[in-house]
Amino acid sequence: MVNEIYEHTQENMQKSIDALKRDFSTLRTGKVTTGIIDNIKVDYYGTMTALNQVGNVIATDATTISITPWEKTLLPTIEKAIQEANIGVNPNNDGDFIKLFFPPMTSDQRQEIVKQAKGMVEHAKVSVRNVRKDGNDKIKKLEKDKEISEDESKKSQDQIQKFTDEYIAKIDEAFKTKEADILKV
């Protein structure tokens, strides 16, 4: 029973890290990635659809993203969705595809993006701590129901704390890597 709680706890803590990495992919670094537009949705025949599902999205170089829709009639809709998403650039529509030209980032912009990343890190840490609390609550319930001894309960809670420390360290490491990536000119 205790091992199941350990497994469940580690699984959920890993999900927090995976979510953090997905969030990080939406942040702009020195080199433009298509992850910047992952959260943009387009009205595709009445259904809000991810931009990368209605066309070909590629980073043509370090500062340019090119979007070629499957259907030319979608160009104005895509253009409008990008403008509303407010990602810091205006779309250039040439009739066949849309290009997004990202200017080089200023140091102020880089610092602002690092602040956004810190917010994402705090959210992930809170998530890991909530998973720790859930695991500890389950252990305490087992102790209360006399399924495990007080010593086993203490030992199990210590183990869950070790998992928590390990995953918090992984989050900090991911942040250091992302921060270096953002600040690199």
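We count residues from 1, following the sequence as given. It should be emphasised that the depicted structure is a prediction, and the values quoted were computed from it without experimental measurement. Below, all heavy atoms of this structure are taken into account, side chains as well, without hydrogens, waters or symmetry copies.
- A 4.5 Å side-chain heavy-atom check between Gln83 and Pro91 finds at least one atom pair inside the cut-off.
- Residues meeting the side chain to side chain donor-acceptor pair (under 3.5 Å) test with Ser66, sequence neighbours left out: none.
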- Could you go step by step and tell me if Lys154 and Asp158 meet the side-chain contact (heavy atoms from CB on, under 4.5 Å) rule? CA-CA 6 Å; Lys154 177 78 175 112; Asp158 288 346; 3.2 Å; yes
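- Both Leu183 and Met120 belong to a common hydrophobic cluster when Ile, Leu, Val, Met, Phe, Trp and Tyr are linked at side-chain heavy-atom distances under 4.5 angstrom.
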- Message: Could you go through Lys80 and Asp43, starting from their C-alpha distance and side-chain angles, then the distance that decides it, and tell me whether this counts as salt bridge (charged side-chain N to carboxylate O under 4.0 Å, His left out)?
- Response: CA-CA 10 Å; Lys80 183 176 179 233; Asp43 184 0; over 6 Å; no
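- With hydrogens and angles ignored, the 3.5 Å screen pairs a side-chain donor or acceptor of Thr9 with a backbone N or O of Ile5.
- Summarising the geometry of Val128 relative to Met13, their closest heavy-atom pair is O-CE, 3.8 Å, with the distance given to 0.1 Å.
- Side chain of Arg132 to main chain of Thr164: no donor-acceptor pair is present (N/O by atom type, distance under 3.5 Å, no hydrogens or angles).
- Residues Leu142 and Glu152 are not in side-chain contact: their nearest non-hydrogen atoms beyond the backbone lie 4.5 Å or more apart.
- Checking Asp23 against Ser25 by side-chain atom types alone, no donor-acceptor pair falls below 3.5 Å.
- A salt bridge does not link Asp137 with Lys141: none of the charged nitrogens is closer than 4.0 Å to a carboxylate oxygen.
- Asn39 has its side chain out of reach of Leu51: every pair of non-hydrogen atoms, C-beta onward, lies at least 4.5 Å apart.
- For residues 6-45, every residue pair satisfying the ring pair (Phe, Tyr, Trp, His ring centres under 6.0 Å) rule, not counting sequence neighbours, is listed here: Tyr6-Phe163.
- Using modelled atom types, one side-chain atom of Gln109 and one backbone atom of Thr106 make a donor-acceptor pair closer than 3.5 Å.
- For the 3.5 Å distance criterion, the side chains of Gln161 and Asp165 qualify, holding a donor opposite an acceptor.
- Counting only heavy atoms from C-beta outward, the side chains of Ile139 and Val2 approach each other to under 4.5 Å.
- In this structure the side chain of Leu100 reaches within 4.5 angstrom of the side chain of Ile98, judged on heavy atoms.
- Minimum heavy-atom separation, Met105 to Arg110: CE-CG, 3.3 Å.
- Partners of Asn86 under the side-chain contact (heavy atoms from CB on, under 4.5 Å) rule, at least two apart in sequence or in another chain, do not exist in this structure.
- Residues that satisfy the side-chain contact (heavy atoms from CB on, under 4.5 Å) test with Val126, not counting sequence neighbours, are Arg129, Asn130.
- A side-chain donor-acceptor contact under 3.5 Å links Asp61 to the backbone of Thr63.
- Thr177 places a side-chain N or O within donor-acceptor distance of the main-chain N or O of Glu173, the cut-off being under 3.5 Å.
- The minimum heavy-atom distance between Val114 and Glu179, with the atom names listed, is CG1-OE2, 3.8 Å.
- Considering only heavy atoms from C-beta on, Val89 comes within 4.5 Å of Pro103 through its side chain.
- Here the shortest heavy-atom pairing between Val32 and Ala59 reads O-CB, 3.9 Å.
- In this structure, Ile65 and Ile58 have side chains that are not in contact, with every pair of non-hydrogen atoms separated by 4.5 Å or more.
- Judged by a 6.0 Å distance limit and a 45° cone about the ring axis, Lys178 is not positioned over the six-membered ring of Phe175.
- The minimum heavy-atom distance between Ser153 and Glu143, with the atom names listed, is OG-OE1, 2.7 Å.
- Ser107 and Gln111 share no donor-acceptor pair across their side chains, judged by distance under 3.5 Å alone.
- With contacts defined as side-chain heavy-atom distances shorter than 4.5 Å, the pair Ile37/Ile82 does not qualify.
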- Task: Just do the side-chain contact (heavy atoms from CB on, under 4.5 Å) check on Gln116 and Leu27 with the steps written out, would you?
- Result: CA-CA 8 Å; Gln116 288 176 347; Leu27 295 176; 3.2 Å; yes
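- Remark: Met48 CE is packed, more than 12 non-hydrogen atoms of other residues, nucleotides or ligands lying under 6.0 Å away.
- A search for side-chain contact (heavy atoms from CB on, under 4.5 Å) contacts involving Asp96 returns Lys72, Asp94, not counting sequence neighbours.
- Residues Ile36 and Leu20 do not share a hydrophobic cluster, defined by chaining ILVMFWY side chains whose heavy atoms lie under 4.5 Å apart.
- Residues Lys162 and Glu166 are not paired through a salt bridge, judged by the lack of any N-O separation under 4.0 Å between the basic side chain and the carboxylate.
- For residues 89-142, the set of pairs meeting the ring pair (Phe, Tyr, Trp, His ring centres under 6.0 Å) definition, not counting sequence neighbours, is empty.
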